[in-house]
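Heads up, the thing below is written out as structure tokens.
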Amino acid sequence: MECNFTYNHFREAIGIAKDSGFSFFTMHDVLIKKPSGKIIVLRHDVDLSMKHALKMAETERMLGINSTYFFRVNEIVNPFSGKNSEMLRKIAKMGHEIGLHYDSDVISLDDFKEYLLDKKKKLEIASGSKVYGAALHRVKKLGAKNIETLNFIEGFLGELGLEYDAYSEKFFKQLKYISDSARHWKEGCMCQHIGKWPRLYILTHPIWWSDTTTSLVSIIEELI
């Protein structure tokens, strides 16, 4: 089995996990149900392309699993109208959880609560589903600003109508976290961790799981 960023290998990895007795949960469900045994929490950050998110969601539906999709709401990705809204609603109707993927450098903390409440409400209307959680974009690259933002979010989850932030310690203390980035796994392919860890928290970025997106240039060409 070759480790690569293709839907075929994604299906292989999920198949190995299911054959090994792993159960799959959305981020909301793992908090509510508190399952025991071997589990995988799958999370996808949608930074640029709605159509790649839809392709990943359809792949997971065929595999009989659900995951959590965090949609970045900015000038590049607008999931609130047109074809993007249609794809967003399709993903939600498949049973996948919809979450808010936000940036910490677009607005001051003084106005941040209103900003998040507005984006959350619009995402719920567009998807037709409740938003339970939020995930910060580029959490490690913006340094102290992100730490300040995460602390702020944790303190106002209730007022924001959220159950969790995706970078909360409640996930990292109970689950082994692995993440991809630009067609590279920071700690080795997800398939290498299945069986090595009984409880996994896996983050992928659907834009990279396609033969047509091998670089940032190819992504820009697809978006034009």
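Numbers here simply count residues along the sequence, with the first being 1.
- Annotation: the span from F24 atom CZ to D29 atom CG amounts to 14.0 Å, rounded to 0.5 Å.
- In this structure, the separation between OG1 on T26 and CD1 on I65 is 11.5 Å, given to the nearest 0.5 Å.
- Across D165 and F171, no two heavy atoms sit closer than the pair O-CE1, 3.5 Å.
- Here the shortest heavy-atom pairing between S49 and I207 reads CB-CD1, 3.3 Å.
- The main-chain N or O of S129 is found under 3.5 Å from a side-chain atom of S127 such that the two form a donor-acceptor pair.
- Atom CG of L42 is separated from atom CE of M190 by 5.5 Å, given to the nearest 0.5 angstrom.
- Two residues are said to be in side-chain contact when any heavy atoms from C-beta on lie closer than 4.5 Å; I39 and Y201 fail this criterion.
- Proximity of F5 to W185: side-chain heavy atoms (C-beta onward) are separated by under 4.5 Å at one or more points.
- In plain terms, the two heavy atoms of F22 and P198 that are nearest each other are CE2-O, 3.3 Å.
- One finds a salt bridge joining E187 and K176 here, because a Lys/Arg side-chain nitrogen approaches an Asp/Glu carboxylate oxygen to under 4.0 Å.
- Side-chain N or O atoms of K113 include none that pairs as donor or acceptor with a backbone N or O of E159 at under 3.5 Å.
- In this structure the side chain of R43 never reaches within 4.5 angstrom of the side chain of S179, judged on heavy atoms.
- For the pair P206 and T204, the tightest heavy-atom approach, listed with the atom from each and the gap, is CD-O, 3.7 Å.
- A continuous path of Ile, Leu, Val, Met, Phe, Trp and Tyr side chains, each step under 4.5 Å between heavy atoms, connects F25 with F172, placing both in one hydrophobic cluster.
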Checking I91 against F71 for the side-chain contact (heavy atoms from CB on, under 4.5 Å) test, could you report, in this order, the C-alpha distance in whole Å, the side-chain angles of both residues, the deciding distance, and whether it holds? CA-CA 11 Å; I91 293 171; F71 289 90; 3.8 Å; yes
Stepwise side-chain contact (heavy atoms from CB on, under 4.5 Å) check, V73 with K122: CA-CA 10 Å; V73 287; K122 288 179 178 177; over 6 Å; no
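- Between L54 and M94 there is a side-chain heavy-atom pair separated by less than 4.5 Å.
- There is no side-chain donor-acceptor pair under 3.5 Å between T6 and N8.
- A distance-only check finds a donor-acceptor pair linking the side chain of R183 to the backbone of W208 [under 3.5 Å].
- For the pair N66 (side chain) and E97 (backbone), a donor-acceptor distance under 3.5 Å is absent.
- With rounding to the nearest 0.5 angstrom, the CE atom of M27 is 8.5 Å from the OG atom of S168.
- Heavy-atom minimum distance, C191 versus C3: SG-SG, 3.4 Å.
- In this structure, Y164 contributes its side chain and L31 its backbone to no donor-acceptor pair below 3.5 Å.
- The main-chain N or O of G37 is found under 3.5 Å from a side-chain atom of R199 such that the two form a donor-acceptor pair.
- Taking a 6.0 Å sphere around NZ of K130, one finds it holds more than 12 heavy atoms contributed by other residues, nucleotides or ligands.
- One finds the CD1 atom of I40 at 11.0 Å from the NZ atom of K18 (value rounded to the nearest 0.5 Å).
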Worked verdict on E60 versus F10 for side-chain contact (heavy atoms from CB on, under 4.5 Å): CA-CA 9 Å; E60 290 175 335; F10 183 81; 3.6 Å; yes
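- The CG atom of L116 sits 11.5 Å away from atom CG of L123, with the distance rounded to the nearest 0.5 Å.
- The pair K120-E124 counts as a salt bridge, with a side-chain nitrogen and a carboxylate oxygen less than 4.0 angstrom apart.
- Between the side chains of T68 and H28, no donor-acceptor pair of N or O atoms lies under 3.5 Å.
- A cation-pi contact, defined as under 6.0 Å to the ring centre and within 45° of the axis, links K55 to Y7.
- A side chain to side chain contact (heavy atoms under 4.5 Å, CB included) with L175 holds for exactly one of V41, I202, L200; it is V41.
- Shortest non-hydrogen contact noted between I98 and A92 is CG1-CB, 3.9 Å.
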Derivation of the side-chain contact (heavy atoms from CB on, under 4.5 Å) call for L88 and M50: CA-CA 7 Å; L88 174 66; M50 295 290 293; 3.8 Å; yes
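- H9 places a side-chain N or O within donor-acceptor distance of the main-chain N or O of E2, the cut-off being under 3.5 Å.
- Put simply, the side chain of H101 gets close to the backbone of A135: a donor and an acceptor are under 3.5 Å apart.
- Linking ILVMFWY side-chain heavy atoms closer than 4.5 Å, directly or via other members, places W197 and I194 in a single hydrophobic cluster.
- Checked by atom type and distance alone, the side chain of H44 never pairs as donor or acceptor with a backbone atom of M56 at under 3.5 Å.
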